[in-house]
Structures are given as structure tokens and as C-alpha cells.
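Have a look at the structure below before the remarks.
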Amino acid sequence: MTGEIRITLPDGSVRALPAGATARAVAESIGVRLARDAVAAKVNGEIWDLSRPIHQDAAVEILTPNSADALYVLRHSSAHILATAVRQLFPEAKIGFGPPIDDGFYYDFEVPRPFTPEDLERIEQRMHEVVKADYPFVREEVDRQDARRRFKDDPLKLERLEELGDDQIISVYTDGPFVDLCRGPHVPGTGHVKHFKLLHAAGAYWRGDSRRQMLQRIYGTAYFSKDDLAADLRRREEAERRDHRVLGKQLDLFSIQEDIGPGLILWHPRGATIQFELRRLIEDEILKRGYQLVYTPHVTREQLFFRSGHLPLYEHNQYPAMAAGAGEAEDIRYRTKPMNCPMHILIYASRQRSYRDLPIRLAEVANVYRNELSGTLHGMLRVRGLTMDDAHIFCREDQIEQEIFEMLDLTDFVLSQTFGLQYRLDLATRPEKKLGSDEVWDVAEGALKRALERGKLTYGLDVGGGAFYGPKIDVKLKDAIGREWQGTTIQLDYELPERFQLEYAGSDNRPHRPVMMHRAIYGTLERFVGMLIEHFAGAFPVWLAPEQVRVLPIAEAQIAGARAMHERLRAAGIRSSVDDRNDTLNYRVRDGELMKVPYMAVVGQRELEQGTVAVRVRGAGKKQEILPVDQFIARVKGEIATRALAP
RNA sequence: GCUGACGUAGCUCAACUGGUAGAGCAGCUGAUUUGUAAUCAGCAGGUUAAGGGUUCGAGUCCCUUCGUCAGCUCCA
């Protein structure tokens, strides 16, 4: 391996360098500034250290701080610096994994006692010293014996080491006093990591396995620039400011009370109004699209769920059985339902169906109960009593594509056209624990794929993320501050029609098995409303706002006039209230703003005499408009009717 | 469910190393009649999450249970 190698750059140009040249040398051959900015390199699509020798012809791209790949490298190095500092302060700490993640990095440690906030401060300070020392990250390739020797005191690393195949290169990275078994790559030296922050510590199972020991994980984040780090910390604060649990209390939308139990939502009148509008939107829309509404019970004989296969497979998520109804045999038990599908299936199966009837689309906004682990509950976003905007479609094989296509269109109508939310799609394929044969899954996954492609939609793959009864398309919503949320799911199901022996008479007058689909556009009203609260920061568009107009008389003399106006608004279908409390106008305006009421209609003597109203728009400050009352009502009605997003 | 932190009035928070619960806002009453983000005064409000223990004495220390939070696992 002597002589020259040919390096192809991203612009297509080719440079000849001596064999064994490093990516740093490539960068230097291009320019000093690039060499100075270089963080790592992409060699044949794989990210390498700048200092790693290249022995063969290769395509090389120099990574600088403005690439996403470089940020991952930086964060990976940050994790090592974290571990370096922890090892110095806590020599007894055993190291686990320390990868970069989407919004930062973490490192797992096995330590005798958990880290305290004070520990984090000390660790962060020590990290700054490690950065100041600017230790180079040195890569070495070692054999298994050597690696075993080096990590003899780190059982977690040894465990990982033994999983590596014989054909895999074993590499270790050293920065100053710290050595880690690591695939790399890293920035050239610890001095490159200047802008970072440790965020919090929490327990995490080793290898993510709840049967194994709990390690202590420290999370942090890192950026190339001070501004980026500051912006991230601001974003985190902003997310806190929008917390739906806090806003839900302030705006009197909902509560969760110990007397009722965790994960069970009390929708107060204001929150219920939002739910009501969402139901109205989806029900109006699906009726136009050929769905039929149904209602089914909250509890059922548990036999139904054995037949559907939920029991015992889904039992960990179901509430325990209740005793039989009065006068029934004792061995008959009842369960609350965690899903609606078996009931909708029984409606389908309640009479003979013809191929001419299909597709049959049964919809129900229904409450179901799932016994989620207590530690997973989180405000409205993760609950035990769920309100699903559920529907099941029974159709022929040849109708699948069209049905999926229409569901994707409905999804777009609701999420994008109505709420202005961006979203992306994921095709989730067969999980390990599943019902049905691989052949059936092949057909099902293929059908979803074709529908997506027909809709010319781009989508990602979530391998193994499907439900146990079929593959699904998951919709990930993006909110106002860029966070992603699990919303809509569309699932194909070949299994339940089989279990319930569903049939329709074909044009050949022979029995056929229909295909079934499950879908929920909002997902659950709880999670969707929770997401909306954070998305809008509580400032709902007029059509969703629990209180659309608040009428404020300036003084006692206008109370009767204000009440009359409130009646006019209410008669026009506008949710209105009067704040005629014995407080200053300033006080009442402030209260209206804090409650995020979109419009305050101020009525003074002048307005009453002229038949006008002084309109204060939420968030617009002192700027106000004097409008004839008719005109104001027309404007609000218009915004409600079109479900306008502003104000 | 697991690890850790936490739980004081409706809300946000005080209360020295154990010494006998306090403030602002909200609420109620009254005065004030207000022109676009907090008028003034008075009153009321707590078995300190629940239960048990240590102590002369527990909001404070210990145990159990419940709940909340940060994560893990799981998930709409």
C-alpha cells in the first residue's frame, strides 16, 4: 500500500495524496481556513476522525461546524468529556454508554449513590477544566485481549466488548486520563467543546432493559457557538412556559385530582368546550366523507377480549376484571374496554354484508381505559382514561389503497389545513410480539406502502414499531416551537377479521373476508388538546377559545348595556361573558389578557350612544378598534365559521 | 413498575441547626365608579398529602402508603 490515493471531493474534483494521508491533510490541501474549521470528515459516507489515515481511494467530505453530522460528533465528544470529569471526581464510577442524541448527549454511570444537583455543578466545572487542558482525542485499534485488559475494571464495557464480532474493528479513544471503548469519531481535541451545559440526572436501565440494573444517566447538550447554546436553553424555557399542566390550571381547562386517581382527566367547562369543538369538527367532517357514527359500551364481558386476542397479550394494559352482573353466572367477568375495535366488529357482524356495502366506516369518539404504568403518566399527554376519535373501516382488498389515501387526505385536512400543523409520516412495520403469519404481514405492509406512494407522500420507516395486529402509519406532528408529537395513527388489520370470522358476500356469491383498518386522527382528545395548549401557548384561535368575547362595561352606568350586548353575541352563536365586577377597567383588562380571551369588547358611554364597541384584540396591547356592534359580530362569526387561526 | 427528588392556604412561595405555621395573589365584605395589563381597607382561609413512630416538643428526624416531577421502560 504505497504511492498515491485519489480523493474525490463533494464538488467532484479529485486530488492525489500520499497513501495514509489523513482527512486533516485533505483539508489542508484545500485551504487553511477549512483546515482550521474542520471537525471531522465523511469518508465514503462514514464519519471519521480527521487524524485517521486513509489508505485507499475515497470520497471525502470535510465536516465543519455548520453540518448536522459535525454536531453529533461534537456531542459525542462532549459525552466523553463528561465521563472524563466524572471519573476524576468519582473514581469508583463504572462507565456505561455515552452517545449523542437529537438534542444533546448523555452518559450512563454505575455509581454507589445517585448524582445530586451539586454533583452536576462540580462535574460541569471539572468538564471546563478538561476542555481547557485540550487533550487530543486519540484513536487506537486494539485486539480483544488488549481491550479486555484495558477495561478489566469496567464490567459494562466488557459486556459490550464481548458482543463485538471477530470481524469488527475494536477501537478505543483516549482523551487525557480517560479511555473509552468507542467506535468514534471525535473532534480533534477536548478544547473544541466550548459551549455545553449539563441539564439533569436520572436513573436509566442498563441497555434499556427493566430487568437489569439501574444506572445513573447525566444529560447535557453542546453546541459549536455560544448563541446556539443560548437559543437552545431559551427554547427549553419557552417549552416550560407553555407547559399544558401549568396553563391548564391557569386557564381553568382541566384538573387531575388525587381523589379520582392519576391519569384521569376532569375536563372543566373551558377545557370541555375545546374538546367539544374538536369533536364537532371531526364528526362534521367524517359524516361528509361517508362515515357512520356508532356508540358502544364502556364495559364488556371479558370473553370479547379473549376472542379479539387482546387478552392475554394486552392484559398488562387492561384493568382487572370485575364481577359478573347481578344474576349472572359467577365465572362471567367484565372488563373496561381499552379499545373499541371488537365492538365495532360486532356491529359489522350483526348482519350479512354484501360487497356492495363496502367500505363500511364506523366512527365513535369513545372513552377507553388503559392501565398505564404509573411512572409513564404525564398531564394530559399520557393518561389512563383516553378519549379516542376512533373509527374502523371494513373493506375489500381492492379498496385498501383508496381508503388509506382518503384517510391521509382527512389527516391533512384536519392537521394541516385546519390547525396549520406540519407533520411527517412513518410506516411502522411488524414488531416481535405479533399475531399472524409473516405472509399476512408482507401483504399488509405492502398495501400501506403503495397507498403512501400513490399519495406521493414522503415517509420514514419505523422498523418493528407496528401494533401486534398489523402495521401502521404514524403521523408525527410538529408544534409551534418545533417539537414532535405522536398524533394520528392508521393501522391495517388482517388479524381481527380472521378471529371474528368476518365475511361479506362477493359478486361471485361466495363468502369473502373483509380487511379492517383502525384510525384515529387526533389520536386521543387528551393528548391532542394537551399538544394544542402548548402549541398555542394557551392563546387559542377564536373558534376554539373557551371564551371568545369578554364584554367590559367601563362603569356601573354601562352594565345594562354590556349585558344586552352579551345577549346579542350569544344569540349570534358567540361564546361571550360580561365582566361587570366592581374592579377597575385596568384590572379587568389584565384578567382578560391573562385568561387569553381573544376579544375584549369595551363598552363606555360613547359606545352605548353610538352603537359601537371598543375592541381590544388579545395581545395587541393598547391598540384598539372602534367598530359598530354589527360589524364586530360579523367579524367574530366569520372567524368562527372559517376556523381562522388568528388572532 | 424502576431510580432519584419533592409534597406547607385555591395559586406562587416563607418558616435558623426540631421550639408550637406566615406573606403576596385569588376569595368574601365594604368603600371607590373606574377609558385598555393589578384602587384601597377589613375579613376569612391550613389535622403542613395520609397513617404510624422517635422526642418534653415534629412542617422539620425515621417508617409505610398515596400523589407530583425528571428520566428509564412503555405508549395515543
Side-chain angles (χ1 to χ4, degrees), chain A residues 106 108 111 113-117 199-219 243 245-246 249-250 252 255-263 314 316-317 338-339 368 370-384 386-390 465 467 472 474-475 477 485-489 491 518-528 530-531 552-559 580-595 600-607 614-626:
Chain A
Y106 66 80
D108 287 341
V111 279
R113 67 163 179 88
F115 296 110
T116 63
L199 298 169
H200 48 251
Y205 297 114
W206 168 235
R207 312 301 296 260
D209 185 339
S210 54
R211 287 164 304 194
R212 307 206 55 177
Q213 75 266 42
M214 179 73 68
L215 306 181
Q216 293 302 316
R217 176 172 296 179
I218 298 178
Y219 284 92
D243 190 320
R245 292 165 301 183
V246 176
K249 194 174 278 178
Q250 280 169 3
D252 196 18
S255 62
I256 300 168
Q257 299 184 25
E258 206 170 326
D259 285 339
I260 291 181
Y314 198 70
H316 62 281
N317 252 238
M339 293 184 183
V368 299
R370 299 183 184 174
N371 198 0
E372 302 286 348
L373 290 178
S374 60
T376 65
L377 303 177
H378 182 88
M380 286 190 124
L381 302 178
R382 192 69 189 275
V383 295
R384 286 182 172 151
L386 304 68
T387 311
M388 303 183 72
D389 66 315
D390 207 1
K472 58 181 181 177
D474 275 328
V475 179
L477 301 167
W485 303 76
Q486 169 71 53
T488 308
T489 60
Q491 310 185 327
H518 312 246
R519 73 105 186 97
I521 303 297
Y522 298 130
T524 67
L525 274 308
E526 286 77 13
R527 181 173 287 183
F528 197 77
M531 185 274 296
L552 307 183
I554 286 178
E556 216 168 300
Q558 293 95 42
I559 288 180
D580 54 8
R581 287 178 296 181
N582 183 13
D583 282 296
T584 60
L585 183 63
N586 272 330
Y587 179 89
R588 288 173 290 146
V589 164
R590 176 181 148 85
D591 192 59
E593 287 285 351
L594 290 176
M595 291 304 282
M600 273 179 269
V602 180
V603 186
Q605 204 47 49
R606 283 201 300 275
E607 286 75 18
V615 177
R616 180 182 168 117
V617 181
R618 176 181 57 206
K622 277 194 195 302
K623 210 165 52 179
Q624 48 177 303
E625 295 172 66
I626 311 290

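Letters go in sequence order (proteins before strands), and every chain restarts at 1. Keep in mind it's a predicted model, so treat the numbers as computed, not measured.
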- request: Could you go through the side-chain contact (heavy atoms from CB on, under 4.5 Å) check for A:R370 and A:L386 one step at a time?
  value: CA-CA 8 Å; A:R370 299 183 184 174; A:L386 304 68; 4.0 Å; yes
- prompt: What does A:Q213 touch in the nucleic acid at a heavy-atom separation under 4.0 angstrom: a base, only the sugar-phosphate, or nothing?
  reply: nothing
- request: Quickly work out the A:R382 CZ to B:C72 P distance and round it to whole Å.
  value: 12 Å
query: If you check every side-chain atom of A:L594, which of B:A37, B:A76, B:U36 has the closest atom?
result: B:A37
task: Check every strand shown and say whether A:G487 touches a base, only sugar-phosphate, or nothing at a heavy-atom separation below 4.0 Å.
output: sugar-phosphate
message: At 4.0 Å (heavy atoms only), tell me whether A:E556 reaches a base, stays on the sugar-phosphate, or touches nothing.
response: base
- prompt: So what does A:R519 touch, heavy atoms closer than 4.0 Å: a base, only the sugar-phosphate, or nothing?
  reply: nothing
- request: May I ask you to evaluate whether A:K623 reaches the phosphate of B:U36, defined as a side-chain N or O under 4.0 Å from OP1 or OP2?
  value: no
task: Under 4.0 Å between any heavy atoms, over every strand shown, what does A:A555 touch: base, sugar-phosphate, or nothing? Just pick one.
output: base
query: When the distance from CG of A:D252 to P of B:A26 is rounded to whole Å, what number comes out?
result: 16 Å
task: Choose from B:A76, B:U3, B:G35 the nucleotide whose nearest atom is closest to any side-chain atom of A:R527.
output: B:A76
- prompt: Tell me: CG of A:L552 to C1' of B:U34, nearest whole Å?
  reply: 12 Å
- prompt: What is the nucleic acid contact for A:Q216, judged by heavy atoms within less than 4.0 Å: base, sugar-phosphate only, or nothing?
  reply: sugar-phosphate
query: Is any side-chain heavy atom of A:V368 less than 4.5 Å from a side-chain heavy atom of A:M388?
result: yes
statement: Assign each of A:F115 and A:R384 the nucleotide of RNA chain B bearing its closest heavy atom; nearer the 5' end lies the nucleotide of A:R384
query: NA contact type, A:G375, heavy-atom cut-off 4.0 Å: base, sugar-phosphate, or nothing?
result: base
- request: Identify which nucleotide among B:C2, B:C11, B:A76 has an atom closest to any side-chain atom of A:K249, counting heavy atoms from C-beta outward.
  value: B:C11
field: Euclidean distance, atom CG of residue A:D209 to atom P of B:C74 [Å, nearest integer]
entry: 9 Å
field: A:Y205: partners by side chain to side chain contact (heavy atoms under 4.5 Å, CB included), with sequence neighbours left out
entry: A:S210, A:M214
task: For A:N317, report the nucleic acid contact type (base, sugar-phosphate, nothing); a contact means any heavy atom under 4.0 Å.
output: nothing
task: Tell me what A:R588 touches on the nucleic acid: a base, only sugar-phosphate, or nothing, going by heavy atoms under 4.0 Å.
output: nothing
- request: Using ring-ring contact (aromatic ring centres under 6.0 Å, His included) as the criterion, list what pairs up with A:Y522, not counting sequence neighbours.
  value: A:F528
- request: Can you tell me which stems involve RNA chain B, if a stem is defined as three or more consecutive Watson-Crick or G-U wobble pairs, both distances under 3.5 Å?
  value: B:1-7 with B:66-72, B:10-13 with B:22-25, B:27-31 with B:39-43, B:49-53 with B:61-65
message: How many whole angstroms separate atom CZ of A:R217 from atom P of B:G71?
response: 11 Å
query: With distance as the sole criterion, do the side chain of A:Y205 and the base of B:G1 form a donor-acceptor contact below 3.5 Å?
result: yes
task: Verify the contact: side-chain N or O of A:S374 to OP1 or OP2 of B:G1, cut-off strictly under 4.0 Å; return yes or no.
output: yes
Sugar-phosphate, base or nothing in reach of A:Q605, heavy atoms under 4.0 Å: base
query: For the side chain of A:H200, counting heavy atoms from C-beta on, which of B:G35, B:A76, B:G71 is nearest?
result: B:G71
- prompt: Where the side chain of A:L585 is defined as all heavy atoms beyond and including C-beta, which of B:A37, B:G35, B:G1 is the nearest nucleotide?
  reply: B:G35
- request: Please say whether more than 12 non-hydrogen atoms of neighbouring residues, nucleotides or ligands are located less than 6.0 Å from CZ in A:R211.
  value: no
- prompt: Reckon A:R618 touches a base, only the sugar-phosphate, or nothing at all at heavy-atom distances under 4.0 Å?
  reply: nothing
- request: Remember a base hit wins even if backbone is also touched, and classify A:Y219 as base, sugar-phosphate or nothing at under 4.0 Å, heavy atoms.
  value: sugar-phosphate
task: Just compare B:G4, B:C69, B:U36 and give me whichever is closest to any side-chain atom of A:R245.
output: B:C69
- prompt: What pairs with A:R618 under salt bridge (Lys or Arg N to Asp or Glu O under 4.0 Å), at least two apart in sequence or on another chain?
  reply: none
- request: In whole angstrom, give the distance that lies between atom CZ of A:R590 and atom C1' of B:A38.
  value: 5 Å
field: Selection from B:G71, B:U68, B:U36 that lies nearest to any side-chain heavy atom of A:A202
entry: B:G71
message: According to ring-ring contact (aromatic ring centres under 6.0 Å, His included), who are the partners of A:W485, at least two apart in sequence or on a separate chain?
response: none
message: Run the salt bridge (Lys or Arg N to Asp or Glu O under 4.0 Å) test against A:R245 and tell me which residues pass, sequence neighbours left out.
response: A:D243
message: Within the structure provided, determine whether A:R382 and A:R527 are in side-chain contact (heavy-atom separation under 4.5 Å).
response: yes
query: From B:C74, B:A76, B:U36, pick the nucleotide closest to the side chain of A:T376?
result: B:C74
Euclidean distance, atom CH2 of residue A:W485 to atom P of B:C75 [Å, nearest integer]: 19 Å
message: Taking the minimum atom-to-atom distance to the side chain of A:N586, which one of B:A76, B:U39, B:C72 wins?
response: B:U39
- prompt: Just checking A:Y587: base, sugar-phosphate only, or nothing, at a heavy-atom cut-off of under 4.0 Å?
  reply: sugar-phosphate
statement: note: A:R581, atom CZ; B:G27, atom P; distance rounded to Å ~ 6 Å
task: Would you indicate what A:A614 reaches in the nucleic acid, counting non-hydrogen atoms under 4.0 angstrom: base, sugar-phosphate, or nothing?
output: base
- prompt: Backbone N or O of A:G619 within a donor-acceptor pair of the A:E593 side chain at under 3.5 Å?
  reply: yes
field: Short side-chain N/O contact to B:A70 OP1/OP2 from A:H378, under 4.0 Å
entry: yes
